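Below: the structure, in structure tokens.
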Amino acid sequence: MSTILQTDIKFVPGVGPKRAEILNKEIDVFTIEDLLRWYPYRYIDRSRLYYIHEIDGSMPYIQLKGRITAFESFGEGRKRRLVAHFTDGTGFVDLVWFQGIRYIENKYKPNTEYIVFGRPTLFNNRWNIAHPEIDPYINEADRPVGLVAMYNTTEKMKSHYLNSRAMQKIIESAFGMIRERLPDSLSSDVVQAAHLIPFHDAIENIHFPKNPLLLRDAEYRLKFEELFYIQLSIVRYAADRKSKLNGFVFKRVGKNLNTFYKKYLPFELTNAQKRVIKEIRRDMGSGKQMNRLLQGDVGSGKTLVALMSMLIAIDNGFQTCLMAPTEILASQHFATFSELLADMDVNVALLTGSTKKKERESILEELQTGKIDILIGTHALIEDVVQFQNLGFVVIDEQHRFGVVQRAKLWKKNDHPPHVLVMTATPIPRTLAMTVYGDLDVSVIDELPPGRKPVKTIHRYDTKRGALHAFLRDQIHAGRQVYVVFPLIEENENLDLRSLEEGYQHIKESFPEFTVCKMHGRMKPAEKDEVMRRFLANEVQILVSTTVIEVGVNVPNASVMVIESAQRFGLAQLHQLRGRVGRGADQSYCILITPYELSADTRKRIEIMTETNDGFLIAEADLKLRGPGDLEGTQQSGIPFNLKISDIVRDSDILFRAREIAEEIIANDPNLEQSEHLVLRQQLNRLSGNRYDWGRIS
Ligand code: ADP
Ligand code: MG
């Protein structure tokens with residue numbers, strides 16, 4: 001590793017100890033390498049002069065040549081504002097200052113030719129440039145030309161005069177300290193395979209682009225490198241784990257699975273279900289521990305896949321468990337399993353936080369003696385007191401609710417880690433899956449059971465309730481049931497509970513002929529179960545609820561989902577909620593209620609919902625609208641999304657290529673022992689030591 005790169009930034013001309021400290025604290029920049037990797041966020045073309053009459057709203061920064069006709073000052077004291085009227089003969093702009101006014105007044109003179117550089121904004125129908133950069137116009141040759149880098153800075157940095165321009169100067173002097181070409185940060189086989197320019201040239205051109213083509217190559221190279229090391233780390237970890245962890249071998253095709261398949265399977269499996277069960281069987285028989293992510297849109301029939309996979313484990317003499325994120329969902333799974341397996345010799349038990357002490361004790365004992373074959377439950381399953389005789393297979397439903405640590409705890413319940421199937425209905429775009437769950441094998445159910453009609457999604461303003469009520473009435477008379485969902489977020493809990501209560505009262509009054517119930521997270525589990533039971537039995541026609549029904553709940557006769565204040569939900573959540581209907585043979589509806597005034601982003605979200613039912617499209621759109629950091633699941637994944645230059649949505653092509661090359665490298669040299677791969681190992685250690693712990697993902 002080059003020593004110059006590891007030099008402390010305080011030795012860079014123009015930095016010194018004081019500024020170094022600010023850069024350390026504010027942006028984590030300690031060494032020259034950190035500084036050189038503080039990439040610009042954009043470039044401005046300073047080779048071009050614009051005319052004032054050309055200005056339009058889409059220009060981030062522009063450069064003008066002209067003269068100040070007059071100064072004008074407004075306000076008093078701290079509210080003082082100085083305006084210079086500036087013209088180039090094609091129009092006028094106002095240059096505006098709020099600080100340093102006296103200095104400006106003295107420095108710049110009317111009727112002198114200047115180059116003005118800044119961001120134009122429209123204010124009171126006039127173009128304004130606040131705090132522009134102004135240079136005297138000397139001649140064409142002295143003007144800065146070409147692309148100039150712009151750097152992100154914090155408020156604190158700015159208050160110490162470390163603005164974008166200062167950063168540019170500092171980076172320039174740091175680069176000036178480099179006497180020899182920088183050694184490459186990737187091995188030459190990778191550089192060749194990906195057709196990259198050398199590291200030295202990339203760093204030079206990212207900060208001081210010689211031309212747009214070289215800038216593009218520099219960006220590509222640095223993005224590739226960033227994504228490559230993440231992938232290399234994931235691929236290496238996965239390969240390592242696969243080589244070390246032996247899994248239980250489930251070889252036997254047994255009686256339980258056969259009996260179930262022949263006698264009790266309630267319907268023909270979809271092709272996608274068959275394919276996934278085959279993939280799981282192959283894993284379980286392979287001798288390696290299975291770690292599989294099963295993605296399937298809401299209603300695609302993941303539960304049945306889980307059940308049949310569990311029967312394979314049971315046929316081979318092992319116990320299994322299924323962990324769900326809520327009590328409602330756990331009880332519902334328990335009911336489904338008990339019903340489907342009623343006439344078979346398989347013991348199913350339910351363990352949740354509200355299981356009574358006595359029952360709990362007997363369950364715990366039967367687990368240890370091996371009497372229980374399938375244990376269904378919530379977080380309660382993770383507790384240390386829950387000990388199995390021989391746990392061979394773990395299913396985790398609706399995975400995004402579980403953290404990494406919780407999953408790891410389940411593994412430890414046997415001396416060999418059990419096979420793991422993680423099921424999620426939050427479709428994860430492939431790019432994100434590769435980054436977040438990169439070491440899990442992925443199965444996809446991409447087909448809904450036959451006979452489902454796509455849910456019709458409609459947007460209505462909250463001022464038009466009459467028509468909505470008439471529609472709900474028609475549906476209920478036709479035998480259907482209705483969900484009405486209100487948002488509830490913790491910060492706003494009391495207010496939200498009140499609007500739920502008001503909404504509930506209002507609906508009760510509007511529909512005196514039907515039974516209306518409400519449900520929310522503050523109710524006792526037993527109360528919630530009772531409400532769900534009555535709704536399932538169609539004793540209740542309208543269920544007014546918070547998002548506690550969001551995941552997993554299955555009431556096929558419910559055909560209308562009304563979402564109040566839909567503007568307050570994210571796309572993933574809206575899609576989950578919509579997935580509660582459309583589960584039976586009837587045409588179902590999702591009605592999104594919002595106020596009339598909506599932000600552009602919200603309108604876009606609502607539009608996407610009304611246009612598509614495809615969970616993967618929605619997840620992609622969500623990722624684009626919100627960015628990966630906010631996406632459900634990423635926080636819990638434990639991965640910081642502090643990518644410096646790449647973007648896993650926009651740069652997906654680079655990501656896929658980086659993955660391929662990382663796989664080739666690890667296939668040939670699993671421990672990166674070849675001498676040319678030394679640099680890869682060093683970089684990997686540096687990255688995982690500093691910021692990421694990419695290895696410990698699942
Ligand atoms: P999810 O994938 O959202 O967990 P579920 O497993 O709850 O979906 O299945 C949704 C509904 O579809 C359930 O009522 C289930 O019984 C039904 N179902 C599952 N597989 C099939 C199939 N192959 N044919 C018909 N209905 C099915
Ligand atoms: Mg489910």
Side-chain angles (χ1 to χ4, degrees), residues 260-262 264-278 280 292-311 322-342 374 376-378 395-402 421-428 442-455 480-481 483 532 535-538 547-559 561 572-586 588 590 613-616 618-619 633:
F260 180 77
Y261 192 79
K262 288 198 190 110
Y264 303 113
L265 189 65
F267 22 61
E268 176 80 8
L269 294 175
T270 63
N271 286 328
Q273 284 171 319
K274 284 184 198 159
R275 190 188 63 236
V276 171
I277 292 174
K278 230 186 238 162
I280 292 171
R292 197 166 266 285
L293 176 69
L294 173 56
Q295 295 191 43
D297 213 340
V298 280
S300 60
K302 295 185 291 294
T303 317
L304 203 57
V305 170
L307 185 147
M308 292 177 68
S309 316
M310 288 166 120
L311 292 178
L322 167 63
M323 188 158 77
T326 63
E327 297 216 358
I328 296 177
L329 196 50
S331 335
Q332 193 160 350
H333 279 321
F334 177 67
T336 309
F337 275 54
S338 304
E339 195 187 314
L340 287 172
L341 301 172
I374 298 179
I376 295 175
T378 52
V395 181
I396 302 174
D397 194 15
E398 310 293 356
Q399 176 275 342
H400 60 285
R401 300 269 161 134
F402 280 111
L421 182 69
V422 167
M423 306 199 293
T424 175
T426 308
I428 301 157
V442 178
S443 289
V444 179
I445 304 188
D446 49 7
E447 180 187 356
L448 292 180
R452 298 274 174 82
K453 296 195 182 76
V455 179
R480 306 285 94 78
Q481 290 161 276
Y483 293 100
M532 270 328 283
F535 191 59
L536 194 59
N538 201 357
T547 51
V548 289
I549 54 137
E550 179 189 351
V551 279
V553 172
N554 188 25
V555 181
N557 191 51
S559 69
M561 166 65 64
Q573 225 180 358
L574 289 172
H575 182 64
Q576 283 295 319
L577 285 169
R578 177 168 62 183
R580 298 307 115 215
V581 296
R583 304 187 144 240
D586 312 296
S588 294
C590 174
N613 275 300
D614 183 328
F616 280 88
I618 290 173

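This one's a predicted model, so the numbers in the text were calculated from it and none came from an experiment. All ligand and atom numbering here is 1-based and tracks the order in the structure. By convention here, the first residue in the shown sequence is residue 1.
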For this session: Look at the rings of Y264 and F260 and say which category their plane angle falls in: under 30° parallel, 30 to 60° tilted, over 60° perpendicular.
Result: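 If you compare the ring of Y264 with that of F260, the planes turn out tilted.
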
For this session: Compare all side-chain heavy atoms of Y483 with those of L577 and state whether any distance is below 4.5 angstrom.
Result: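 Result no, sub-4.5 Å side-chain heavy-atom pair not found.
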
Exercise. Hey, are the side chains of T303 and F337 touching, using non-hydrogen atoms and a 4.5 Å cut-off?
Worked result: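 Yes, their side chains come closer than 4.5 Å.
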
May I ask you to list the atoms of ligand 1 that are less than 4.0 angstrom from any heavy atom of [X]?
X    : answer
T270 : 23 (N)
N554 : 13 (C), 14 (O)
R583 : 3 (O), 7 (O), 10 (C)
L269 : 23 (N)
T303 : 4 (O), 5 (P), 6 (O), 7 (O)
E268 : 22 (C), 23 (N), 24 (N)

For this session: Look only at interatomic distance and state if G301 has a nitrogen or oxygen under 3.5 Å from any nitrogen or oxygen of ligand 1.
Result: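 In this structure, G301 places an N or O atom under 3.5 Å from an N or O of ligand 1.
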
Exercise. Is the shortest N/O to N/O distance between G299 and ligand 1 below 3.5 Å?
Worked result: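 There is such a contact, yes.
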
Problem set entry | Salt-bridge criterion met for K274 and E268 (N-O under 4.0 Å) |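 E268 and K274: salt-bridged.
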
Problem set entry | Option of least heavy-atom distance to atom 23 (N) of ligand 1 (set: Q273, M423, R452) |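 Looking at heavy atoms only, the winner is Q273.
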
For this session: Report the C-alpha separation of L265 and M308 in whole Å, then their side-chain angles, then the decisive distance to 0.1 Å, and conclude whether the side-chain contact (heavy atoms from CB on, under 4.5 Å) test is met.
Result: CA-CA 10 Å; L265 189 65; M308 292 177 68; 4.0 Å; yes

Problem set entry | Partners meeting side chain to side chain contact (heavy atoms under 4.5 Å, CB included) with E339 (sequence neighbours left out) |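 In terms of side chain to side chain contact (heavy atoms under 4.5 Å, CB included), with neighbours along the sequence ignored, E339 is linked to no residue.
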
Exercise. Hey, mind stepping through K278 and R275 against side-chain contact (heavy atoms from CB on, under 4.5 Å) and telling me if it holds?
Worked result: CA-CA 5 Å; K278 230 186 238 162; R275 190 188 63 236; 5.6 Å; no

